[in-house]
J.: 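I am attaching a structure below and will ask some questions about it afterwards.
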Amino acid sequence: MPDSAPASAKTPRVRFAPSPTGFLHVGSARTFIFNWLYARHNRGTMVLRLDDTDVERNTEASLQSIFEGLRWLGLDWDEEYKQSERLAQHRRQAEAIFAKGLAYRDFTPAHTDSGEQSSAQGAWLFNPGMPELSREESDRRAASGEPFALRYRVPRGEGRTLSFTDSVYGEQSKLADEVEDFALLRSDGMPTYHLASCADDADLAITHIIRGQDHLTNTFKHLLIFEGLGASPPQFAHLPLLVAPDGAKLSKRRHGPVVSVTTYRDAGFLPRAFINFLCLLGWSPKDDREFMALDEIREAFTLENVNRSNAVVNFTEEDPFDPKAVWLNAEHIRALAVEELSRRLQPFFTQAGFEATPEKILAITPLIRERIKLLRDAVFAADFFFLKELAPYDPAELIPAKGGDAAMARRVLQYAQEVLATTSFDHDSLDQALRAAATRLGLKAGQAFQPIRVAVCGRKNAPPLFETMAVLGRETCIARIRQAEESLQSIV
RNA sequence: GGCGCUAUCGUCCAGGGGUUAGGACGUGAGAUUCUCAAUCUUAAAACCCGGGUUCGAUUCCCGGUAGCGCUACCA
């Protein structure tokens, strides 16, 4: 394909460009996912680029956290770059722009405030306090070693309109007069995000920039930079933002760990469920599908189907996860093969301090898979399989809820011990034996099973009785039932 | 303040000049089961406001309002 072909017609090269200034957050993860989906749907190339030009805020820990998050998601990329390694190149490119007369030196000291004050006072002038110097004076001061920032000389006053077609937001245009003289180089010589980003996008031959809508307005600056670089701009696609229930853009600072992907991982989200949830925020296959496998999503994914309004991630202090994310996770858990699910459960049991062998987990998994929404729920759902000693019984729970007393509960538990001593511990045998026992005691199954379930599991709500007992084994079951019975002696 | 973007149930996502405005999550009620869960049935729940255009606007246009974003030598 010739270079002159429109960017959108080439084999796509997309990039995900996080800046390592904190943990990987869900908004970034979603941007990564959309880029990945676009690349893989179109058999293109996925580039990971670390935008680490902010030396002040970059940390190694953050870098690790981002990789950790991306690895967990399990989506791959084809090439990897670091902006800091391309510093010299960026400076050369800035100088080239300067040499073309498209930028000028600004010797004004950097503002220490964030510019909010001046905005509030109505001073939104471009590059306030820095009338452009003559070239001679500029050269002289630069030669004398005075620090300066390099600013783009935005072509204002020419009636020029900057425009592009966004794949999501459509035709976008803005008067150049509305764009301020933004910085290309900081006074310490470091490139700004705008410069580094565009320079790399051009150098790496990125064809499609898929990023958050917070960059929509910045795109006009980027258009100017590409022009200065002598490169044709790629196709842009901006994604609606993820916002918190308070309406504000999801931010690490304001919303804390609930926006970190590691929070989801640690709670026991399945990566595929997490991806499924995020891709549905701002995109849909335009039919009623919601629970989708990754392949299904990839096949259905197009930028045309991305919508334009922000999506709120519905979390609260009590419940950090969007209910829909939780539901989708439960769906994905149930869709997993038992072997696979039990493998994923392992670390949660181990971390809880249980002696959980793969065999034992495999036996338990079918009993809890429909009862957990997050992987970590398994720890509570299955604790009695591992605990040597159950917490002291609550007599009130041992007594059947409907029409029963302590004496009756004792009778059930006594009789159960007898019966169980000779019953083989498989589902069908237990089913037969215990139902027969109930009948003999003149009780309904529900009544008779409650004391036994509580005795065996330590609580009223648990997985199906017979399967549970089969996994627990005769010895443990009888011991627990005896203990429960004894705990009732005091009140009978 | 300027500029830009957006506006359908509580939330997410469809729809679209004439519809009983659809699906999902969550919530309520019921069914079913040895409890819980799962499952099934069912209910409540929305087109921001005002003008146009039109025989007819929730849908198209304009304005307002609200929210968000950008307006840094952050990214």
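First the proteins, then the strands, lettered A, B, ... as listed; each starts at 1. Here the structure is a predicted model, which is why all the values come from computation and not from measurement.
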J.: RNA chain B: A:F466 or A:S309, which has the more 5' nearest nucleotide?
T.: A:S309

J.: I need the CD-C1' distance between A:Q213 and B:A7, as an integer number of Å.
T.: 13 Å

J.: Which is true for A:R459 with a 4.0 Å heavy-atom rule: it touches a base, it touches only sugar-phosphate, or it touches nothing?
T.: nothing

J.: On RNA chain B, does the nearest nucleotide to A:D287 precede the nearest nucleotide to A:E467 from the 5' side, or the other way round? Give the residue.
T.: A:D287

J.: Looking at A:Q172, does any N or O in its side chain come under 4.0 Å of the phosphate oxygens OP1/OP2 on B:C5?
T.: yes

J.: Look at all strands and tell whether A:A462 reaches a base, only sugar-phosphate, or nothing, counting heavy atoms closer than 4.0 Å.
T.: base

J.: Could you give the distance separating B:U59 and B:A21 at their P atoms, to the nearest angstrom?
T.: 15 Å

J.: Looking at A:K324 and B:A24, is any side-chain donor or acceptor paired with a base atom of the opposite kind under 3.5 Å?
T.: yes

J.: Assess whether atom NZ of A:K444 is packed by more than 12 heavy atoms of other residues, nucleotides or ligands within 6.0 Å.
T.: no

J.: Does A:A149 reach a base, just sugar-phosphate, or nothing at all? Heavy atoms under 4.0 Å.
T.: base

J.: Quick one: do A:K221 and A:E180 make a salt bridge, cutoff under 4.0 Å?
T.: yes

J.: Taking the C1' atom of each, how far is B:G16 from B:A7, in whole Å?
T.: 16 Å

J.: Is any side-chain N or O of A:K249 closer than 4.0 Å to OP1 or OP2 of B:G69?
T.: no

J.: Show your working on side-chain hydrogen bond (donor to acceptor under 3.5 Å, both in side chains) between A:D106 and A:T108 and close with a plain yes or no.
T.: CA-CA 6 Å; A:D106 178 1; A:T108 316; 2.6 Å; yes

J.: Could a donor-acceptor pair under 3.5 angstrom be found where the side chain of A:E290 meets the base of B:G23?
T.: yes

J.: Could you state the CD-C1' distance from A:E180 to B:G4, rounded to the nearest angstrom?
T.: 12 Å

J.: Assert yes or no for the condition that the ring centre distance of A:F34 to A:F16 is strictly below 6.0 Å.
T.: no

J.: Does B:G69 have OP1 or OP2 sitting under 4.0 Å from an N or O in the side chain of A:T217?
T.: no

J.: Nearest whole angstrom, please: distance from the P of B:G10 to the CG of A:D322.
T.: 16 Å

J.: For A:N310, report the nucleic acid contact type (base, sugar-phosphate, nothing); a contact means any heavy atom under 4.0 Å.
T.: sugar-phosphate

J.: Can we say A:E95 and A:R92 salt-bridge, meaning some charged N sits less than 4.0 Å from an Asp/Glu carboxylate O?
T.: no

J.: If you look at every strand shown and take non-hydrogen atoms under 4.0 Å, does A:H194 touch a base, only sugar-phosphate, or nothing?
T.: base

J.: Whole Å only: how far is the CH2 atom of A:W283 from the P atom of B:A24?
T.: 18 Å

J.: Examine A:F269 together with A:F277 and report whether their ring centres are nearer than 6.0 Å.
T.: no

J.: Which nucleotide in the list B:A75, B:C12, B:C25 gets nearest to the side chain of A:W327?
T.: B:C25

J.: Quick one: label A:G212 by what it contacts on the DNA or RNA (base, sugar-phosphate, nothing), any heavy atom closer than 4.0 Å.
T.: nothing

J.: Answer yes or no: side-chain N or O of A:R371 and base N or O of B:C36 forming a donor-acceptor pair under 3.5 Å.
T.: yes

J.: State, yes or no, whether a side-chain contact exists between A:Q172 and A:T219 at a heavy-atom distance under 4.5 Å.
T.: no

J.: Can you tell me if A:R151 touches the phosphate of B:C73, counting only side-chain N or O atoms and a distance under 4.0 Å to OP1 or OP2?
T.: yes

J.: Look at A:R289 together with A:D287 and state whether they make a salt bridge at an N to O cut-off of under 4.0 Å.
T.: yes

J.: Whether A:N307 contacts B:C13 is assessed here as follows: a side-chain N or O lying under 4.0 Å from the phosphate OP1 or OP2. Is that the case?
T.: yes

J.: Of the listed nucleotides (B:U39, B:A75, B:C34), which one gets closest to any side-chain atom of A:Y193?
T.: B:A75

J.: Do A:R459 and A:D383 sit within salt-bridge range, that is, some charged N less than 4.0 Å from a carboxylate O?
T.: yes

J.: With sugar-phosphate meaning primed atoms plus P, OP1 and OP2, does A:P464 contact a base, only sugar-phosphate, or nothing at under 4.0 Å between heavy atoms?
T.: base

J.: Starting from P on B:G69, measure out to NZ on A:K174 and report it in whole angstrom.
T.: 15 Å

J.: Answer yes or no: does a side-chain N or O of A:R308 lie under 4.0 Å from OP1 or OP2 of B:U6?
T.: yes

J.: Provide the distance between the two C1' atoms, one in B:G1 and one in B:C61, to the nearest whole Å.
T.: 28 Å

J.: Counting side-chain heavy atoms from C-beta on, which of B:U39, B:C34, B:C70 comes nearest to A:N218?
T.: B:C70

J.: Just the dot-bracket of RNA chain B, please: which string comes out with Watson-Crick or G-U pairs under 3.5 Å, [ ] for crossing, | for another strand?
T.: (((((((..((((....[...)))).(((((.......)))))....(((((..]....))))))))))))....

J.: Which word best sums up how the rings of A:Y264 and A:F274 line up, parallel for under 30°, tilted for 30 to 60°, or perpendicular for over 60°?
T.: tilted

J.: With heavy atoms under 4.0 Å as the rule, sort A:S19 into base, sugar-phosphate or nothing.
T.: sugar-phosphate

J.: Look at the side-chain N and O atoms of A:K373 and state whether any lies under 4.0 Å from the OP1 or OP2 oxygen of B:A38.
T.: yes

J.: Say you pick atom P in B:A29 and the same atom in B:G52; how far apart are they, in whole Å?
T.: 47 Å

J.: Test A:I33 against every option in A:L278, A:I297, A:L294 by the side-chain contact (heavy atoms from CB on, under 4.5 Å) rule and name the one that passes.
T.: A:L278

J.: Rounded off to whole Å, could you give me the OH-to-C1' distance for the A:Y169 and B:U6 pair?
T.: 7 Å

J.: Applying a 4.0 Å non-hydrogen cut-off, can you work out what A:V243 is touching in the nucleic acid: base, sugar-phosphate, or nothing?
T.: nothing

J.: Select base, sugar-phosphate, or nothing to describe what A:N461 touches, counting heavy atoms under 4.0 Å on all strands.
T.: base

J.: How many Å lie between CD1 on A:I333 and P on B:A37, as a whole number?
T.: 16 Å

J.: Under 4.0 angstrom, heavy atoms only, what part of the nucleic acid is A:P147 near: base, sugar-phosphate, or nothing?
T.: nothing

J.: Can you find a pair of side-chain heavy atoms, one from A:C457 and one from A:R480, that are under 4.5 Å apart?
T.: no

J.: With the side chain of A:T192 defined as its heavy atoms from C-beta on, choose the nearest nucleotide among B:C73, B:C36, B:U71.
T.: B:C73

J.: Picking from B:C73, B:C34, B:C70, which would you name as closest to the side chain of A:L465?
T.: B:C34

J.: Using a cut-off of 4.0 Å on non-hydrogen atoms, how would the nucleic acid contact of A:K286 be classed: base, sugar-phosphate, or nothing?
T.: sugar-phosphate

J.: Of the nucleotides B:C12, B:C34, B:A24, which has the atom closest to the A:L281 side chain?
T.: B:C12

J.: For A:R369 and B:C36, give me the distance from atom CZ to atom C1', rounded to whole Å.
T.: 17 Å

J.: Between A:R435 and B:C34, is there a contact of a side-chain N or O with OP1 or OP2 at under 4.0 Å?
T.: yes

J.: Considering only atom P, compute the distance from B:U58 to B:G50 and round it to an integer number of Å.
T.: 9 Å

